[in-house]
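Below: one structure, written as structure tokens.
Just follow the structure's listing: the first ligand is 1, and inside any ligand the first atom is 1.
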Amino acid sequence: MKLAILTSGGDSAGMNAVVRAVVKAGIIKGCETWVVREGYEGLVRGNTEAVAEQSLDETPIDLPDTSSTTDGSTNLVQNLRFGDGDLLRDGTGDHPGTRSLKGRYIVRVGFDDVKGWFAEGGTLIGTARSKTFRTMEGRLQAAYNMIKEGIDALVVCGGDGSLTGADVFRAEWPKLVEALHAEGILFSRISAEKVALHAHLKIVGLVGSIDNDMSMTDLTIGAPTALHRICEAIDNINSTASSHSRAFVLEVMGRHCGWLALLAGVSGGADFIFIPESPPTTESWEDEMCQCIQRHREVGKRKTIVIVAEGAIDCNLKPIKSEYVKDVLAERLGLDTRVTTLGHTQRGGRPCAYDRILPTLQGMEAVEALLEATPDSPSYMIGVQENKITRVPLMEAVKMTRSVSAAIEAKDFEKAMSYRDPEFKE
Ligand code: F6P
């Protein structure tokens, strides 16, 4: 099996550990391993150099190349710190570790290429929110690029949108191959044997997201690290809050999911928390919040921490804004109040231990799932439930995740919460 891995959507800590685990497990199991740079965008762009070598009469896609630098000081390989794996063995680089990846988005990698990657933040192979892959032409080009390199299995690490993209690609695959045949592209450029190997595409999804917003799994890759960052930030803010007896309104990420806000509140000792799945039940939530904080102050608390999830809403589904919460605390309770928006400091940096362990175990399971895949088996998402690595049908998990938003819009908050429960069955 020739397998490729890509990371897609927002980066998260632990994505590099996934790539490392998939590459290493793949090689140990006898597979040829590839990485796709820049997410689905890289799959669409493919390897223009290789195309030129084959003297093809058309350039697949005319897009700017992001791997070249203007000052010539660094290139992607240096950033990747590729070792002496396959990439360099067949390399033509100026000196070890600096082989140019210009025009090459689908890159063969060896064991050493991913050495030490578990400790790196973000995603070293790049990620993108690709518009071209959303079009039929883009997916056709992506299919062509994969077949050309002989790749028949794909691991995608990203959020629900990225995993849906993967499933659509797999479902469409026979149609894409047929269209390439119809245009006379495949057999004129690629051997019949190679094409025959690609009747079906094997796909597996891993959930990389700091939001922990995917149903049918307890935890997504990157969420523990982001939580840890928020927790540290609260500890830091506590110093000033206590010293000046101030109130802080902390806005945290999570999109439409309140997991980060809720658990940060528990682990950081917040006074009040706003999350999308459980909005205030009355229109006078300001009174409820002020009474609660007033009580805490009366029993001697010198500081106040209120956490607002970025997707927090009131009982009429209107966004609850941090600045407004600050004004309420200042005007009604007379508290010296500041807003801190943690932003992307939550997403980056070195993965915590669990964001190395989880992706390693899940990456190994992903390779197993691909090796066992049949044309009739569904695409799987690798999850974790009650501390056990699981395989669940990818589209079921995506569907249930989407149901959370629908339930919130219908103001059925209890149902929204149950869709987040990994064991929930309709
Ligand atoms: O999904 C991860 C996430 O960090 C969300 O928590 C946040 O809403 C969003 O991505 C921010 O996206 P961007 O980095 O594109 O601003």
I need the contact residues for ligand 1: any residue with a non-hydrogen atom closer than 4.0 Å to the ligand, ordered by chain then number.
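Shell around ligand 1 (4.0 Å, heavy atoms): Arg129, Ile210, Asp211, Met253, Gly254, Arg255, Glu310, His344, Arg347.
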
Taking atom CG as the centre, does Asn387 end up with more than 12 heavy-atom neighbours from other residues, nucleotides or ligands that are less than 6.0 angstrom away?
no

Check: Phe111 ring centroid to Trp117 ring centroid under 6.0 Å:
no

Shortest non-hydrogen separation from Phe413 to Glu277 and the atoms involved:
CB-O, 3.3 Å

Residue list, ring-ring contact (aromatic ring centres under 6.0 Å, His included) with Phe133, at least two apart or on another chain:
Tyr40, Phe169

Got a donor-acceptor contact below 3.5 angstrom from the Thr337 side chain to the Leu335 backbone?
yes

Walk me through whether Asp167 and Ser379 qualify under side chain to side chain donor-acceptor pair (under 3.5 Å).
CA-CA 7 Å; Asp167 200 68; Ser379 304; 3.1 Å; yes

